[in-house]
Each structure stands twice: as C-alpha cells, then as structure tokens.
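What follows is a short report on a single structure.
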2 protein chains.
Amino acid sequence: MSIPGGRSGRRRVADDGVVPPPPQRRATGRPPRISRADIVAAAHRIVDAEGVARLTMRRLAAEVGSTPMALYHHVRDRDELLVLLLEDYARRIPRPELPEQPRERIVAAALVLHDVLAERPWLVTALATDDLMGATALWIVEVMVDAAMAAGLSAERAVHAYRAIWYYTVGEITVRSAAGRQRASRDRPSYRDEVFASLDPAELPRLAALADRWTALTTVDTYAAGLRALVDGLLPGS
Amino acid sequence: MSIPGGRSGRRRVADDGVVPPPPQRRATGRPPRISRADIVAAAHRIVDAEGVARLTMRRLAAEVGSTPMALYHHVRDRDELLVLLLEDYARRIPRPELPEQPRERIVAAALVLHDVLAERPWLVTALATDDLMGATALWIVEVMVDAAMAAGLSAERAVHAYRAIWYYTVGEITVRSAAGRQRASRDRPSYRDEVFASLDPAELPRLAALADRWTALTTVDTYAAGLRALVDGLLPGS
DNA sequence: ACCTGAACACCGTTCAAGT
DNA sequence: ACCTGAACACCGTTCAAGT
C-alpha cells in the first residue's frame, strides 16, 4: 500500500501554514527539482485560471515543468493534493472584526465562511468530509461554538448548532453553484423549466400558481435571511 | 451539436412516469433491440448493487447486453441518463399520511425527503441543480410551500422557507455521506483527527476542550433537531 | 533520493460504416 | 432506424529503470 521508498503518512502542516521540510537528513541523494510548495502553487494557478475539473495530475505536471510521476514523489495521491490546496486557501481567509453580541457574532462568522466558499464552490466538495476549512480556518468554528455557548447553549448543543449552520451553508453553496453551472450550459432548457411549464394546478396548486415566478424566487440570494432564521431557532429565545 | 440522425431534445416524461415512445412512426427501419426502459432498469441495478461511481456507459452497455454506442441512440449523454434514473427513484418515494398542523407537516415532509436521500446520497449531487426530486416528487415541495403559507407566510417567503430547508437537507446529506465515505477508507487516519489531536488550547480553547468528544458529537444524527430549529426560525412565532 | 518512460486499466464521446 | 468497431482524447496510478 505504501510507495516503495517513498515517505508515506501525512506530513504535519505547521500552524503558520508553511509546509515544513521532512525531518530526514537532506544531505544525501539527488537534490529535488520540485518541492511540495511548487506543486501547490502550480495547482493554485490552474484551479484559479481553469477550475478544479482541469486540475489533473498530467496538467499539473506540465504546469510544474515535470512529469506526472514526479508528483507522486511529493504527494501521496490526488486527494492529498486537494487537502494541501485546501490549507492554502484557508490561510487566505480574511479575519475581520466580529461583533461582540453572540447571535450577531455567529451570523458574521457564518457569512465569512459562506463568502469564501461561494467564490470557490469546489472547495465544498473537498471540504465536506472534514467539516472544517482546514486547520488554519478552525477559528471560524471556534467563534461559532464559543458564541453559541455564550448565548446559553451547553457544549454539546453548541457543537450541534455549529453543525446545523455548516449543513445549511454547504447546502446553499452546493445547490446554488450547481444551478449556476446549469445556467452556464445554455443548450439544454433545464429539466426544471420543462416540468414547471406543465404543472397540473389540480394536483400542485401552490406550485402551479408560482410557476412563472419560480426561477426568479429561487435565484434571489436568501442565504443571510435563512441563516438568521436558523440561528434564531437554535439559540435560546431572548 | 446534435447526434446525426439521432433524436435530440429531452422527451417529456408522462405523469405516471412511464417513458412514452417517441411520437414518430415506428413502422419503418430496423426494429430496436433495446429500449430506454431497459437502459434505465439496467442502470438502476448497477447503481443499487455497485454504486453510482460504477455506472459508466461501458459498464451499462455490458449490463444491457449491447455496446456503449447503442446507448447514445436512446439517451443523449450520461447526464440525461442520470435525470432519467432520478425520475425512476422519485417515483418510488412513499407518500405517507402527513400531520395537519402546518409546522409538523413541514417537518414530516422534510423528513420523508431526507430519508430517501440519506439512503442514496449520490442522488443529491444529481439533484442539486434542479432543486426537486424529479417531477414525480414535487408533491413534497407543494406540501412544504402550502404549509408554510398556512402558517402565515407570504408566497415569496414560503418559497424561501422551502429553499432554506432544502439547503439544510442537501448539506446534511452531503456532509454526512462524505464523512461516511471517509470512515470507510480506513487506511488514512483522517486529516481531521490529526488536526484535532494537536489543537492549541490558547488559540482555540473551546475546540481543544471538545477535541476528544468531537467525533462522537459530530456523528450523532441531529438532522431532525436542526430541522425543527430552522422551521421554528422560519415560521412566524406561535 | 529523486525523476523518467512506458504501460495498465480505465473514462465519455464521435465517426464512418454496416444491416 | 438502429447498432457496431475502431478511434480520439483523455484519466489516476504502478512498475522498473535510470542518475
């Protein structure tokens, strides 16, 4: 299962986010031509310019000026590369002043998270597993859990509250980015439009009445409003 | 862009879900060896037995007893196949008795939706675009919008409330199925565990204090609890 | 220790031809 | 009208060898 002669096992990423060199002596053997940092930087360029779909090991090797196989000497596989890239993005999240009031503090933190992800929806897929924006973005989670406790929740319920907000956020990004992608590919008139155009008012009266406004209604950005409703429901009444 | 000689354009799916034959005369030409229904049924078998990842055009052709290219004569591309499959699953959603009380009615409808998706998380990805479980599952949306209006929301706000619930549900399924997949592949000790094992209590005191309970806390199923909080926040106070 | 070329076992989709 | 074989332009990853 391990690469012959390669160093397997995830290398710890330091708090400042700089990838540390492996602890081994570097004196012996052939000097490296490419580094992890080079690889991540190249991946970053590709993703920003062409999207994640284009981030293939071959494309990345070309960008680095090497061969696909050289990459496997620095990165276990494509998944590990994505985690590395994630950390790289997480480090770039702005850390704004947040309101003191717990409820508003949670909302503000969630909005920061949302805005970062909305710009790069592909992060959500890579992220969903670990429910955190990489180690360097854990402060957002800390803020939410802490504020939820300050608002009167137990530790357990604070974590569950954070999770509910995380679910809501992931869902919003997922749905809206998928819808955006759909709209981008014009050729197909969207299954949804077709369905809504021929609703039976006897069976689905509300939807039939709303059919012509449906697209407009579901295109409005309601993330913040829904978030506030969720937070209101999660925190003890004031 | 269109298949030479093939019939492009999405064919309407009838309300009973049976795929109607194309309106053209069928008298002339070579008789078909496989039908759309055959293809969808075969796809269904593969997905249930081996997962969506294994649903490739080649694998599907083998299951149908044909060649990959024959499929393209019945289905525009892989995406259309997924929509067809979606409809097929939507038709199978049980339609239980729902409570009369608006708030409980919404919760019950959301739970139906959630349970169906939780069993087949891959549907969410295919679905997210069209924010509906295929035409035959639109009754769930109707129920939610109708109940939200019965609870006192305007039509617009009722749609937005439904959307918030949809986001929350999609997110929950996405996150939890990703986590499940992670847990399934044992070899890698999960980036998260590693990060949580070495938190700095000075910087992230809440998370550090919760570190050893984190996995347990985030494995609990809190969908229903979060859903109730969200619905409480969305509907006017009673 | 680090990098390479060739290969394995796949993808979705198109083209041109056959019945 | 429907189906086929061969091919195009890709994937991630492994193996064995080179420096």
Side-chain angles (χ1 to χ4, degrees), chain A residues 1-8 11 21-39 42-43 46 50-83 85 126 185 187-188, chain B residues 1-8 11 21-39 42-43 46 50-83 85 126 185 187-188:
Chain A
M1 272 295 165
S2 65
I3 300 165
R7 13 180 176 65
S8 55
R11 215 174 296 147
Q24 292 88 341
R25 59 266 166 264
R26 189 27 88 64
T28 184
R30 183 167 163 174
R33 256 211 271 284
I34 56 177
S35 70
R36 277 192 151 208
D38 294 337
I39 293 175
I46 294 172
E50 307 169 33
V52 233
R54 301 286 272 275
L55 182 65
T56 69
M57 299 303 269
R58 288 157 209 261
R59 173 79 187 80
L60 180 56
E63 181 77 19
V64 166
S66 183
T67 68
M69 276 321 300
L71 302 179
Y72 284 92
H73 226 266
H74 299 270
V75 155
R76 186 209 285 230
D77 55 19
R78 194 169 180 275
D79 275 5
E80 196 188 45
L81 176 70
L82 288 178
V83 172
L85 201 53
S185 68
D187 55 327
R188 173 171 309 195
Chain B
M1 271 294 163
S2 66
I3 299 165
R7 13 180 174 65
S8 54
R11 214 174 296 148
Q24 292 88 342
R25 58 267 167 264
R26 185 31 86 65
T28 185
R30 182 167 166 175
R33 254 210 273 284
I34 56 177
S35 70
R36 276 192 152 211
D38 293 337
I39 293 174
I46 294 172
E50 307 170 32
V52 233
R54 302 286 273 275
L55 182 66
T56 69
M57 298 304 269
R58 290 158 208 260
R59 172 78 186 80
L60 180 55
E63 181 77 20
V64 167
S66 183
T67 68
M69 277 321 301
L71 302 179
Y72 284 91
H73 226 264
H74 299 268
V75 154
R76 185 210 286 229
D77 54 20
R78 193 169 181 274
D79 276 5
E80 198 189 44
L81 176 70
L82 288 179
V83 172
L85 202 51
S185 67
D187 56 328
R188 175 169 309 195

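Proteins come first, then strands; the chains are lettered A, B, ... in the order of their sequence lines, and each starts at number 1. As the structure is a prediction and not an experimental result, all values here were calculated from the model.
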Next on the checklist: Using OP1 and OP2 only, check whether a side-chain N or O of A/S66 sits under 4.0 Å from C/dT4.
Outcome noted: yes
Item to check | Interatomic distance, B/M69 CE vs D/dC2 P [rounded to whole Å] | outcome: 14 Å
Item to check | Distance below 4.0 Å between B/T67 side-chain N/O and D/dC3 OP1 or OP2 | outcome: no
Next on the checklist: Expressed as a whole number of angstroms, how long is the span from A/Y72:OH to D/dC11:P?
Outcome noted: 11 Å
Next on the checklist: If you define the side chain from C-beta out and look only at heavy atoms, does anything of B/L55 sit under 4.5 Å from B/L85?
Outcome noted: yes
Item to check | Length of the line joining A/R59:CZ and D/dG12:P, which is rounded to integer Å | outcome: 12 Å
Checklist outcome for this item: In whole angstroms, the gap separating P of D/dG12 from CG of A/D79 amounts to 11 Å
Checklist entry - So which nucleotide does C/dA6 pair with, by the Watson-Crick or G-U wobble rule with both distances under 3.5 Å? => result D/dT14
Item to check | Under 3.5 Å on both distances, the Watson-Crick or G-U partner of D/dT19 | outcome: C/dA1
Item to check | Side-chain N,O (A/H73) to OP1/OP2 (C/dT4) below 4.0 Å | outcome: no
Item to check | B/E80 vs B/R36, salt bridge (charged side-chain N to carboxylate O under 4.0 Å, His left out): CA-CA, chis, key distance, verdict | outcome: CA-CA 11 Å; B/E80 198 189 44; B/R36 276 192 152 211; 3.2 Å; yes
Checklist entry - Just how far, in rounded Å, is C1' of C/dC10 from CZ of B/R54? => result 12 Å
Item to check | Length of the CG-P vector between A/L71 and D/dT14, whole Å | outcome: 13 Å
Next on the checklist: Both B/A70 and A/P68 contact DNA chain D. Which one's nearest nucleotide lies toward the 5' end?
Outcome noted: B/A70
Checklist entry - How about B/R78 and B/T56: do any of their side-chain heavy atoms sit closer than 4.5 Å? => result no
Checklist outcome for this item: Of B/I34 and B/R58, the one whose closest nucleotide on DNA chain D sits nearer the 5' end is B/I34
Checklist entry - Roughly, in whole Å, what's the span from CZ in B/R33 to P in D/dC3? => result 6 Å
Checklist entry - Quick one: B/I39 CD1 to D/dC2 P, roughly how many Å, whole number? => result 11 Å
